[in-house]
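Residue numbers begin at 1 in each chain, while the letters A, B, ... track the order of the sequences.
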Amino acid sequence: MFGNLRGSKNRQLLTGVVIGVLFGFLLQKGGVTNYNVILNQLLLRDFTVIKIMFTAVVTGMIGIYLMKELGLIQLSPKPFYLKGIVLGGLIFGVGFALLGYCPGTAAGAIGTGSIHAFFGAIGMLIGTEIFSVVYPYIKNSLMKENYGSITIPELLDVRAWKIILFILIVFFFFLSFFKFV
Amino acid sequence: MSCFFLARWSPWLVGVGIGVLVWLGFLFSNRAIGCSTAYARTGGILESFIRGKRVKDREYFKKFSPIVDWEWMLVLGVGIGSFFSAILSGQFKMEIVPVIWSNTFGRSIILRLVAALLGGVFIGFGSRLAGGCTSGHGISGSSQLALSSWLAFILFFTGGIATAMFLFNFIGGV
């Protein structure tokens with residue numbers, strides 16, 4: 001259906017930048033290109049970041065699984081490897097608190113004039129370069145896949161909609177806790 | 001149209017909007033929105049200016065070749081979109097030492113930039129080791145109900161909350 005669009009390299013680069021502009025616009029309007037908003041989330045004084053992310057995931061999962069059932073798209077879940085994800089996730093978290101941005105919000109923050117976000121982005125280039133050098137030495141240990149690209153419904157052997165319903169119920173409690181504010 | 005000039009939109013509305021963008025990424029491009037590989041590719045592109053084609057021999061760059069791709073354009077777009085949003089609401093401002101940081105660690109520009117750079121190094125390494133960031137794992141991966149992404153999502157925030165508490169409540173509290 002979208003083969004024409006998906007197949008053209010130049011149209012894909014254009015699609016990428018258009019979706020990116022909309023994404024950046026939303027991140028800034030949501031306040032998460034602001035260092036103080038992210039730090040207040042990590043210090044559990046303000047929950048803007050989690051409100052946005054949880055709502056995005058709930059919205060995203062319903063549409064993604066609907067489109068999958070309609071045969072419009074294929075999923076591309078990332079592979080599961082316990083050690084690397086735990087270690088990498090925690091290292092990411094340390095950096096997240098030191099910098100106050102993640103890769104996406106840092107790009108957005110640079111657009112709003114944040115100089116320290118720019119230094120953070122340079123740091124990310126250094127970090128990914130270091131990783132590209134050590135990758136051959138850890139790919140068979142830390143990054144050895146345990147289950148491949150598995151999803152939670154596949155792991156539990158239940159229909160995806162049951163998991164989606166469960167997450168929606170949790171989201172409903174989350175919403176009522178924050179009273180939609 | 002006046003909503004475009006507002007400083008903040010409801011986080012619920014923004015969340016729904018980002019979720020819809022995840023749909024569009026899949027539908028139009030067969031891609032999951034993510035940001036961290038764009039940094040890895042940029043590092044490779046910059047390195048190839050110095051070392052030339054030899055960079056492409058590195059195993060990691062065979063997996064993620066150092067080129068401008070869909071995701072690279074997405075990250076560029078994020079900067080542009082955020083710039084326009086900030087200009088429309090009059091929030092564009094040069095910031096070096098943010099308020100929460102200076103309240104605890106003072107106004108030293110050097111200290112803040114070193115911390116930001118170091119934080120970036122951790123993020124760059126950690127995101128590539130975990131296989132994604134708060135966008136690729138946190139939003140797109142979790143939306144697909146990927147096991148890897150839910151684990152990564154939880155650990156990003158576990159590490160982030162613990163470190164922020166240590167920096168600002170423990171060290172900052174002394």
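- Note on A:I130: it clusters hydrophobically with A:Y135, by side-chain heavy-atom contacts below 4.5 Å among ILVMFWY residues.
- No part of B:W72 comes within reach of chain A, as not one of its non-hydrogen atoms sits under 4.5 angstrom from that chain.
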Pair B:S135, A:F23 - check side chain to side chain contact (heavy atoms under 4.5 Å, CB included), show working. CA-CA 11 Å; B:S135 308; A:F23 189 28; 4.0 Å; yes

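- With a threshold of 4.5 angstrom between heavy atoms, B:I33 approaches chain A through side-chain atoms but not through N, CA, C or O.
- Remark: the backbone N or O of B:S85 is paired with a side-chain donor or acceptor of A:K29 at under 3.5 angstrom.
- Checking side-chain atoms of A:K51 against main-chain N and O of B:G15 turns up no donor-acceptor pair under 3.5 Å.
- Here the OG-CZ distance, from B:S127 to A:F96, works out to 12.0 Å after rounding to the nearest 0.5 Å.
- Using a 4.5 Å heavy-atom cutoff, the side chains of B:R8 and A:T48 are in contact.
- Contacts with chain B were tallied for A:G7, A:P79, A:G108; A:G108 has the most, counting heavy-atom pairs under 4.5 Å.
- Using a 4.5 Å cut-off between heavy atoms, A:N146 does not touch chain B at all.
- Most heavy-atom pairs under 4.5 Å with chain B: of the set A:I110, A:I164, A:V86, A:I163, this distinction falls to A:V86.
- Proximity to chain A involves both the backbone and the side chain of B:T134, based on heavy atoms less than 4.5 angstrom apart.
- Proximity to chain A is limited to the side chain of B:F61, based on heavy atoms less than 4.5 angstrom apart.
- The nearest pair of heavy atoms linking B:Y39 to A:A106 is OH-CB, 4.2 Å.
- Using a 4.5 Å heavy-atom cut-off against chain B, the contacting residues of residues 119-126 of chain A are A:F119, A:G120, A:A121, A:I122, A:G123, A:M124, A:L125, A:I126.
- Panel note: side chain A:T112, backbone B:A86; no donor-acceptor pair is recorded below 3.5 Å.
- At a 4.5 Å heavy-atom cutoff, the contact between B:A7 and chain A is made by backbone atoms alone.
- Interatomic distance, A:T128 OG1 to B:F64 CZ, rounded to the nearest 0.5 Å: 11.0 Å.
- Of all the heavy atoms in A:A56 and B:I139, the pair that sits closest is CB-CG2, 4.0 Å.
- Remark: B:L27 CG to A:L5 CG distance equals 9.0 Å, nearest 0.5 Å.
- If you chain together hydrophobic residues whose side chains sit under 4.5 Å apart, A:I91 and B:V114 never meet in one group.
- Contacts of A:I167 with chain B are made by side-chain atoms alone, with heavy-atom separations under 4.5 Å and no backbone atom involved.
- Contact of A:K139 with chain B is made through the side chain alone, with heavy-atom distances under 4.5 Å.
- Residue contact with chain B, scored on non-hydrogen atoms closer than 4.5 Å, involves the side chain of A:T33 exclusively.
- The two atoms that bring A:G30 and B:V14 nearest to each other are CA-CG2, 3.7 Å, heavy atoms only.
- A single hydrophobic cluster is seen to contain both A:V58 and A:L175, as judged by linkage of ILVMFWY side chains at heavy-atom distances under 4.5 Å, directly or through other members.
- In this structure, the side chain of B:W23 does not engage the main chain of A:I62 through any donor-acceptor pair within 3.5 Å.
- The part of B:L88 that comes within reach of chain A is its side chain, from C-beta onward, which places non-hydrogen atoms under 4.5 angstrom from that chain.
- Closest approach of B:W70 and A:L13 over heavy atoms only: N-CD2, 3.8 Å.
- Residue A:I64 holds its CD1 atom at 4.5 Å from CZ of B:F26, rounded to the nearest 0.5 Å.
- For A:Q28 (side chain) and B:V78 (main-chain N/O), no donor-acceptor pair under 3.5 Å exists by modelled atom type.
- Residue contact with chain A, scored on non-hydrogen atoms closer than 4.5 Å, involves the side chain of B:V22 exclusively.
- Here the CD-OG1 distance, from B:Q144 to A:T151, works out to 9.0 Å after rounding to the nearest 0.5 Å.
- Nearest heavy-atom pair, B:S82 versus A:A109, reported as atom, atom and distance to 0.1 Å: OG-N, 4.4 Å.
- There is no contact between A:I38 and chain B, counting heavy-atom distances below 4.5 Å.
- Contact of the B:F157 side chain with the A:L42 side chain is registered, since non-hydrogen atoms from C-beta on lie closer than 4.5 Å.
- Per-residue heavy-atom pair counts under 4.5 Å with chain A were compared for B:L117, B:I18, B:V121, B:L145, and the maximum is reached by B:L145.
- For chain A, the option among B:G17, B:S142, B:A152, B:G131 with the highest count of heavy-atom pairs below 4.5 Å is B:G131.
- A:V134 touches chain B through its side chain: at least one heavy atom from C-beta onward sits under 4.5 Å away, while N, CA, C and O do not.
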Given the rule in the side chain to side chain contact (heavy atoms under 4.5 Å, CB included) test, do B:M165 and A:L44 qualify, once you have shown the distances and angles that lead to the verdict? CA-CA 9 Å; B:M165 293 279 184; A:L44 306 179; 3.7 Å; yes

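- For chain A, the nearby part of B:L167 is the side chain; its heavy atoms alone come within less than 4.5 Å.
- The residue among B:F4, B:F156, B:F83 with the most heavy atom pairs within less than 4.5 Å of chain A is B:F156.
- Contacts of B:L13 with chain A are absent, with no heavy-atom separation under 4.5 Å from either backbone or side chain.
- Residues of residues 97-105 of chain A lying within less than 4.5 angstrom of chain B, judged on heavy atoms, are A:A97, A:L98, A:L99, A:Y101, A:C102, A:P103, A:G104 in numerical order.
- Chosen from A:G31, A:S149, A:G24, the residue pairing most often with chain B at heavy-atom distances under 4.5 Å is A:G24.
- In this structure, chain B has heavy atoms under 4.5 Å from both the backbone and the side chain of A:I150.
- Ranked by heavy-atom pairs under 4.5 Å with chain B, the list A:L90, A:I52, A:V18 is led by A:I52.
- Within the 4.5 Å cutoff, no side-chain heavy atoms of B:F166 are placed close to those of A:V94.
- When the candidates A:N34, A:V49, A:V133 are compared by the number of heavy-atom contacts under 4.5 Å with chain B, A:V133 comes out ahead.
- Ranked by heavy-atom pairs shorter than 4.5 Å toward chain A, the options B:I123, B:L118, B:V20 are led by B:I123.
- Taking both residues in full, the closest heavy atoms of B:L151 and A:I85 are given as CD2-CG2, 3.7 Å, listed atom of the first, atom of the second, then distance.
- Rounded to the nearest 0.5 Å, atoms CG (B:L129) and CD1 (A:I138) are 5.0 Å apart.
- Note: A:F178 and B:W12 have tilted aromatic rings, judged against thresholds of 30 and 60 degrees for the angle between ring planes.
- For the pair B:R128 (side chain) and A:G88 (backbone), a donor-acceptor distance under 3.5 Å is absent.
- Options A:F80, A:Y81, A:Y147, A:F118 differ in how many heavy-atom pairs under 4.5 Å they form with chain B, and the most are formed by A:F80.
- Using a 4.5 Å heavy-atom cutoff, the side chains of A:H116 and B:V97 are not in contact.
- No continuous path of ILVMFWY side-chain contacts below 4.5 Å connects A:Y137 to A:M143, so the two sit in separate hydrophobic clusters.
- The contact between B:F153 and chain A is made entirely by side chain atoms (from C-beta outward), counting heavy-atom distances below 4.5 Å.
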